[in-house]
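Working notes, structure below.
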Amino acid sequence: MLLSRGYRLGGRYKLLYPYAQGGMATIWLARVRGGHGFEKLFAVKTILPHLAKVPSFRDMFLDEARIASVIDHPNV
């Protein structure tokens, strides 16, 4: 699947702008909107489409997400 501006990832994150791209992934500026005009910006990392089909790259990408999800620091 080729992601583009305006795509809604997981029904929650609206991709606004591809901020950076490396050898394995693209970093997107994304927005989540809530009730009463609430809005928050996020950085969302997506694996490149051609690598998403390769099990070893998919596993590395998911391992990185698991590791990042346990980071607990006020500056992150």
Side-chain angles (χ1 to χ4, degrees):
M1 167 193 327
L2 188 59
L3 301 177
S4 61
R5 290 180 187 181
Y7 181 81
R8 197 163 290 277
L9 191 62
R12 183 173 181 193
Y13 299 94
K14 183 175 183 180
L15 301 180
L16 302 176
Y17 181 79
Y19 182 76
Q21 184 170 323
M24 184 176 178
T26 302
I27 307 297
W28 290 84
L29 175 64
R31 177 178 54 218
V32 173
R33 284 196 172 152
H36 307 288
F38 171 81
E39 177 176 296
K40 190 167 184 179
L41 297 176
F42 288 88
V44 175
K45 186 174 186 177
T46 59
I47 192 168
L48 295 176
H50 68 281
L51 295 177
K53 299 173 187 172
V54 181
S56 60
F57 279 97
R58 206 172 38 240
D59 291 344
M60 284 190 290
F61 188 80
L62 292 172
D63 284 344
E64 181 182 336
R66 283 185 201 95
I67 292 166
S69 73
V70 297
I71 294 174
D72 183 22
H73 190 277
N75 294 332
V76 177

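Only this structure's heavy atoms are used, side chains among them; waters, hydrogens and symmetry mates stay out.
A pairwise comparison of heavy atoms in Gly23 and Leu48 identifies O-CD1, 3.6 Å as the closest pair. In this structure, Leu15 and Ala30 approach most closely via the heavy-atom pair CD2-CB, 4.2 Å. Considering all non-hydrogen atoms of both residues, Arg8 and Arg12 come closest at NH1-O, 3.7 Å. Of all heavy-atom pairs spanning Met24 and Leu51, the tightest one is CA-CD1, 3.6 Å.
Partner of Tyr13 under the ring pair (Phe, Tyr, Trp, His ring centres under 6.0 Å) criterion, out of Phe42, Trp28, Tyr7: Phe42 alone.
Arg58 contributes a side-chain N or O that, together with a main-chain N or O of Ala52, makes up a donor-acceptor pair within less than 3.5 Å.
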**Request:** Report the C-alpha distance between Arg66 and Asp63 in whole Å, list the side-chain angles of each, state the deciding distance to 0.1 Å, and finish with yes or no for side-chain contact (heavy atoms from CB on, under 4.5 Å).
**Result:** CA-CA 5 Å; Arg66 283 185 201 95; Asp63 284 344; 3.0 Å; yes

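Heavy atoms of other residues, nucleotides or ligands lying less than 6.0 angstrom from CZ of Phe57 number 12 at most.
The cluster map of Ile, Leu, Val, Met, Phe, Trp and Tyr, joined by side-chain heavy atoms under 4.5 Å apart, puts Val44 and Leu3 in the same cluster. Neither Ile27 nor Leu29 shares a network with the other; the hydrophobic side chains, linked directly or stepwise wherever heavy atoms of I, L, V, M, F, W or Y lie under 4.5 Å apart, form separate groups for each. Linking ILVMFWY side-chain heavy atoms closer than 4.5 Å, directly or via other members, places Met60 and Val54 in a single hydrophobic cluster.
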